[in-house]
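As C-alpha cells, the structure follows; a few thoughts come after it.
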Amino acid sequence: MASQVYRSMRLVDMQNGCNDARSSAWWNNLIRYGAWNGPGTTRVSPPPPEAINGIADLFGVTPEEVNRMIAADWYDVQPAPEFSPRVRRWAPLIDRLNTDDANYLRRLLRRLATGEYTMPGVTKATVRRKPA
C-alpha cells in the first residue's frame, strides 16, 4: 500500500499525511527495502501502536486494516478467512484486476457500503441515500 501511495505523493507528504506518525526516512526505507530488508544489515521496524491511526488516515483505511497489513508484512500472520460466500466467489476476479482497477473498486465498494465518497481535489463529501 505504501508503494501505491508513494506514486502520488512525496515522502514528506506521506509523513505529513500520517500526522508525523512515521518519518519520511522511515517511509523511504519501507518503500525501497520492504519490511524485512532495511539499509545495510538493519531491517525496517514495524510501526508502533500509536502510529496506526495516522497510517490509517494516510492510506484511507481503518486502523484494523493497518493492523492486518502489519501482521502480514512484518510477522507473516494472515487473518483467518472470515469471508462470506459472496466474497469468496468474487475473490478470484478481484485478484486478476490491475492496481488502478483494484483501487477504483475499493473506493467504489467503500462508497456503496458507507456512503462516503471522495474525489481527487475534494477533501471529503458524503452521499446520503434515500431511505428504502
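Remember, predicted model here, so these are calculated numbers, not experimental data.
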Does atom CZ of Arg86 have more than 12 heavy-atom neighbours from other groups under 6.0 Å away? no
Shortest non-hydrogen contact from Asp73 toward Ala35: O-CB, 3.7 Å
Side-chain contact test, heavy atoms from C-beta onward, threshold under 4.5 Å: evaluate it for Met69 versus Ile55 and give yes or no. no
Could you check whether any side-chain heavy atom of Cys18 comes within less than 4.5 Å of a side-chain heavy atom of Phe59, counting everything from C-beta outward? no
Decide whether Leu93 and Tyr104 are clustered together by the hydrophobic rule: side chain heavy atoms of Ile, Leu, Val, Met, Phe, Trp, Tyr closer than 4.5 Å, transitively. no
Heavy atoms only: give me the nearest Ile52-Pro63 pair and the separation to one decimal. CG2-O, 3.6 Å
Hits for salt bridge (Lys or Arg N to Asp or Glu O under 4.0 Å) against Glu65, two or more places apart or cross-chain, chain-then-number order -> Arg110
All heavy atoms of Ser45 vs all of Trp26, minimum pair found to be O-NE1, 2.9 Å
Any chain of hydrophobic side-chain contacts (each under 4.5 Å) joining Leu97 to Trp90? yes
Just to verify, what does Arg32 make a salt bridge (Lys or Arg N to Asp or Glu O under 4.0 Å) with, not counting sequence neighbours? none
Are the side chains of Leu105 and Leu109 in touch, meaning some heavy atoms are under 4.5 Å apart? yes
Please enumerate all residues that pass side-chain contact (heavy atoms from CB on, under 4.5 Å) together with Pro46, with sequence neighbours excluded. Arg43, Ile70, Trp74, Tyr75
What heavy-atom pair brings Val44 and Leu30 nearest, and what distance separates the two atoms? CG2-N, 3.9 Å
Pro48 versus Arg22: any side-chain heavy-atom pair under 4.5 Å? yes
So how far is it from Ile94 CD1 to Arg89 CZ, rounded to the nearest 0.5 Å? 11.5 Å
Hey, could you give me the CG/CG distance between Leu11 and Asn16, rounded to the nearest 0.5 Å? 11.0 Å
Closest heavy-atom pair and its distance - Gln78, Ala72: NE2-CB, 3.6 Å
Is a donor on one side and an acceptor on the other found under 3.5 Å between the side chain of Asn28 and the backbone of Ser24? no
What heavy-atom pair brings Met9 and Asp13 nearest, and what distance separates the two atoms? CE-O, 3.7 Å
Atom pair CZ/CH2 of Arg10 and Trp27 - distance to nearest 0.5 Å: 15.5 Å
